[in-house]
Structure formats: structure tokens, C-alpha cells
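Each chain gets a letter, A, B and so on, in the order its sequence line appears, and its residues count up from 1.
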2 protein chains.
Amino acid sequence: MCRVPETGERPYHHGHLRAGLLQAAERRLREDGVDGLSLRDLARELGVSHAAPRRHFPDRRALLDALAETGFARLDTVLRAALADTADDFAVRLQAVATAYTRFATENAALLELMFRSKHRPGGERVARAAEGAFALVNELIVQGQAEGALQAGEPEQAGLILFATLQGIAALVNGDVVPPEMRDGLVETATEQFLRGARPLP
Amino acid sequence: MCRVPETGERPYHHGHLRAGLLQAAERRLREDGVDGLSLRDLARELGVSHAAPRRHFPDRRALLDALAETGFARLDTVLRAALADTADDFAVRLQAVATAYTRFATENAALLELMFRSKHRPGGERVARAAEGAFALVNELIVQGQAEGALQAGEPEQAGLILFATLQGIAALVNGDVVPPEMRDGLVETATEQFLRGARPLP
DNA sequence: ACCTGAACACCGTTCAAGT
DNA sequence: ACCTGAACACCGTTCAAGT
């Protein structure tokens with residue numbers, strides 16, 4: 001039951017400051033990158049004193065960690081949604097997840113960087129836990145592929161990691177302008193096909 | 001014929017300021033990342049006023065660009081050295097370059113990030129040109145592979161890009177602590193083998 | 001419980017002036 | 001040609017005080 005303030009009104013208690021900070025921060029992250037994200041600037045934008053954010057985020061890192069955490073949650077949602085739309089065939093499912101991941105990684109470049117950077121920082125346990133969900137999903141998929149005989153049996157980790165690395169790398173090349181964005185989906189498709197050819201059981 | 005100042009002496013003209021800045025900056029970059037690199041701090045370390053660096057680098061970006069440029073030059077040297085030590089066999093040469101690149105990328109994580117970030121910035125033409133050398137080397141190698149019949153004929157770009165992406169991704173996973181460093185060389189080896197199996201001509 | 005305002009120690013950048 | 005010193009507009013962080 002939070003009262004939304006009228007336009008122009010500026011109550012002493014903001015009421016939505018935490019949520020407002022996260023929302024504004026995410027936009028800034030997308031528009032100007034991590035370096036362009038300043039706490040004082042966000043506070044100004046929300047019409048609040050520069051010290052106010054401290055109640056909700058003890059320091060700048062805490063805000064960035066919170067962004068990373070919600071980033072992983074959103075990634076998880078995106079990947080599961082992509083899987084929900086496909087048939088049972090392993091190759092099709094793999095393509096769907098691979099494409100969805102790489103899209104997310106290129107459409108949220110700064111956020112993705114933040115996600116992987118925050119994951120293994122001291123105090124980044126919450127972010128790490130949020131990351132596990134997305135990783136688990138990929139591993140499940142690899143196990144399914146092995147069960148269907150589309151992949152060599154064995155620990156799924158190495159195979160899964162290499163595929164993951166390739167997608168991450170394609171995203172990095174697109175984000176670094178080494179490769180034009182239009183090539184993204186095509187590269188992912190070829191990479192996935194080559195992965196399937198390379199990782200299938202020997203005849 | 002630059003006179004090296006005695007210890008404790010602090011002449012008005014530093015004499016090696018540009019080189020000193022680059023050297024100190026590279027160490028800082030390695031130890032504290034890009035965010036830990038401050039011009040004022042470097043100036044202090046070199047015993048010079050905070051405005052002195054401006055003579056050699058108009059702003060912070062210019063210093064970072066210079067670092068990126070020398071980074072590409074060093075990468076090029078590393079890769080050519082790795083090739084010079086191998087036999088003629090394509091698979092062996094590919095392994096050598098792949099391993100050398102990924103090592104460089106993990107041992108110079110912050111520098112590599114800078115290299116790819118600076119490459120496509122307005123004014124980053126010099127950096128981009130420095131990058132071409134390293135890319136050309138990989139492409140030459142792919143062309144050799146096609147000539148030897150180890151790879152499918154066709155434009156080398158797509159095949160080369162996917163391999164490059166995989167290596168970049170493996171480095172990113174190691175740098176992001178998703179994968180322990182000890183797994184690096186093993187992953188690169190497996191990835192290269194799978195790439196060769198996946199990209200060789202169909203029987 | 002939540003926010004303000006002043007204060008502190010840092011930045012990068014600019015520019016007249018020094019050697 | 002190269003460097004200094006003061007100045008400006010920004011940071012993040014801290015803390016007593018306000019509502």
C-alpha cells in the first residue's frame with residue numbers, strides 16, 4: 001500500500017527508492033556502461049539526497065551486485081522460456097538455448113560483464129547462487145543429449161563448458177565489434193552444428 | 001643519450017616520463033584492473049606533478065589506448081613465437097597458437113579487456129590497426145589448414161571466427177572463475193580437437 | 001526506519017605560469 | 001619542449017542531525 005506521490009511533490013520519504021535505484025541503474029548500465037553509473041547521479045535523477053541510497057545499498061558494489069543478481073534471474077527466465085517453446089529433439093533444443101543465451105549476452109552486454117565479474121568477488125555469494133540456476137539448466141540439457149545418444153557419454157562438464165565458452169566468445173566478438181551483429185545467429189547455428197558433429201559418439 | 005638521474009635527485013625534466021607512465025600503468029592494470037588505474041596516482045609514483053602526464057597522453061583514454069596498442073603488438077609476437085617452435089603439421093600448429101592465445105588472454109586479463117574495448121572506439125584506429133596483425137595470423141593458419149585438406153574449403157572467416165570465439169570464451173570462463181585455471185590447457189586442447197573433427201571435409 | 005547536509009579524500013581536466 | 005600549481009567540477013563514503 002505505498003502511496004505514489006503526485007507529480008512535482010517531493011515527500012521526505014521516497015517510498016520506492018530501492019526499486020527506483022535498481023531500475024534507473026539498469027538503464028544507465030545499458031546506456032553508458034558500468035563506468036557511467038554514478039550513485040550521486042542516480043540519486044539526483046530520483047530527486048533524493050546523494051546519501052539516501054546508502055540506506056538500501058551500503059556502497060556502489062552492493063548496487064552492482066544486486067543488478068548482477070537480478071541479471072542471472074532474468075537470464076534463467078529467458079533460457080527456460082526458450083526451452084519451453086521447442087520440441088523434444090535435442091539438436092533443436094540446443095539451438096534454441098544457444099541462440100537465446102547469445103542474444104541475451106549481446107543485448108545486455110554491460111550487464112553480462114557485471115554478472116560474471118560480481119560472481120566470484122568476496123561477498124558475491126548471492127550472485128554466485130543466482131548463477132547456479134542458469135548453469136544447471138545447460139548441464140541438464142547436455143545430460144539429455146547424452147541420454148539420447150546425440151553426445152558422447154562421459155562427464156557433461158567438459159562438453160558443456162566448451163559449448164558455453166563458444167557462445168560466450170561469440171557474444172564477446174559481437175560486443176567487441178569484431179563481428180557485425182547480423183552474423184550472430186548464423187555463427188551460433190554453425191557453432192552448435194559443429195559442436196554436435198564434434199561431440200557425437202564415434203561411429 | 002638520455003641521462004638517467006641519480007637516486008634521490010628529481011630533475012625538472014623527468015626524461016622518461018612517457019615510457020615510465022606506460023610501464024607503471026601496465027603494472028597497475030595487472031594488479032588492480034582498469035578501475036584501479038589513476039593518472040594522478042601514476043604521476044605520484046613517478047614523482048611528477050599530476051598535470052605532467054598530459055604532455056604525453058591528452059587524457060586517460062589516450063593512455064589506455066596506448067596500452068591496448070602495445071598489447072596487440074605483444075600478442076602478435078607471442079603467437080608468432082608459438083608458431084615458430086612447431087612442426088609443419090596443421091593440427092600441431094593450431095594447438096600451439098590456440099594454447100598461446102588463451103594463455104596470453106588469461107595471464108593478461110585486464111589488458112585483453114582493454115584491447116578489445118579500445119579497438120572500436122572513436123579514435124581507436126591505431127589500436128584497430130594493431131589488432132589486424134594478430135587476426136591476420138589466425139586467418140593465414142586457417143587457409144593453410146584448408147590447403148592441407150584438414151578443413152573444409154570455403155571462406156575461412158566463419159571457421160576462424162568460431163575457433164577464435166571458443167578460445168576467447170575459454171579465457172573468459174577462466175578469468176571469471178567459472179573454470180579453474182588448471183583446466184585451461186585441457187579445454188583448449190579438447191576444443192581444438194573437436195573443432196578439427198567438426199570442420200574437416202565430409203567423407 | 002528513512003532521509004538530509006556538510007565534510008573528507010579522492011578523481012580527471014584545464015590553464016596560466018614557470019624552467 | 002616539458003613540467004608545475006592552483007582551480008573546477010565531479011566522485012564515493014562517512015556521520016551527526018533532522019522527520
Under the criterion side chain to side chain donor-acceptor pair (under 3.5 Å), which of A:Arg103, A:Arg30, A:Glu26 is the partner of A:Asn108? A:Arg30
What class does the angle between the rings of B:Phe135 and B:Phe116 fall in, given that below 30° is parallel, 30 to 60° is tilted and above 60° is perpendicular? tilted
For A:Phe57 and D:dT14, what is the distance between atoms CZ and C1' respectively, to the nearest whole Å? 19 Å
Checking contacts here: which listed nucleotide (D:dC15, C:dT13, C:dG12) is nearest the side-chain heavy atoms of A:Ala51? D:dC15
OP1 or OP2 of D:dC11 sitting under 4.0 Å from any side-chain N/O of A:Arg44? yes
Does B:Ser38 put a side-chain nitrogen or oxygen below 4.0 Å from OP1 or OP2 of C:dG12? yes
Return the nearest nucleotide to the side chain of B:Ser49; candidates are D:dG12, D:dT4, D:dC3. D:dT4
What's the closest nucleotide to the side chain of B:His14 if the choices are C:dC11, D:dC11, D:dC3? D:dC3
Just compare C:dT13, D:dT13, D:dT14 and give me whichever is closest to any side-chain atom of A:Arg60. D:dT13
Return the value, rounded to whole Å, for the distance between atom CG of B:Asp59 and atom C1' of D:dC10. 16 Å
To the nearest Å, how far apart are B:Arg18 CZ and D:dC3 P? 12 Å
Rounded to whole Å, the CZ-C1' distance (A:Arg40 to C:dA9) equals 12 Å
Hey, are the side chains of B:Arg28 and B:Asp41 touching, using non-hydrogen atoms and a 4.5 Å cut-off? yes
Nearest heavy-atom contact between B:Arg18 and B:Phe57 is NH1-CE2, 3.5 Å
In whole Å, I'd like the distance from the CG atom of A:Leu46 to the P atom of C:dC3. 11 Å
So, under a plain 3.5 Å distance rule, would you say the side chain of B:Arg54 forms a donor-acceptor pair with the base of D:dT4? no
Any donor-acceptor pair, under 3.5 Å, between the side chain of B:His56 and the base of D:dA1, if you only look at N and O atoms? no
If you check every side-chain atom of A:Val48, which of C:dT4, D:dC11, C:dC11 has the closest atom? C:dT4
If D:dA17 has a Watson-Crick or G-U wobble mate with both distances under 3.5 Å, name it; if not, just say none. none
Looking at CZ of A:Phe90 and CD of A:Gln95, how far apart are the two atoms once the value is rounded to the nearest 0.5 Å? 10.5 Å
Nearest-Å distance, CG (A:Asp41) to P (D:dA9)? 16 Å
When you get a sec, tell me which of C:dT4, C:dA6, D:dC3 is the closest nucleotide to the side chain of A:His50? C:dA6
What integer distance in Å separates B:Leu37:CG from C:dG12:C1'? 13 Å
Output the distance between atom CD1 (B:Ile170) and atom CG (A:Leu161), rounded to the nearest 0.5 Å. 9.0 Å
Scan every strand shown for a Watson-Crick or G-U wobble partner of C:dC10, both distances under 3.5 Å, and answer none if you come up empty. none
Tell me the interatomic distance from B:Leu63, atom CG, to C:dT13, atom P, rounded to whole angstroms. 10 Å
Taking OP1 and OP2 of D:dC3, is either one under 4.0 Å from a side-chain nitrogen or oxygen of B:Arg55? no
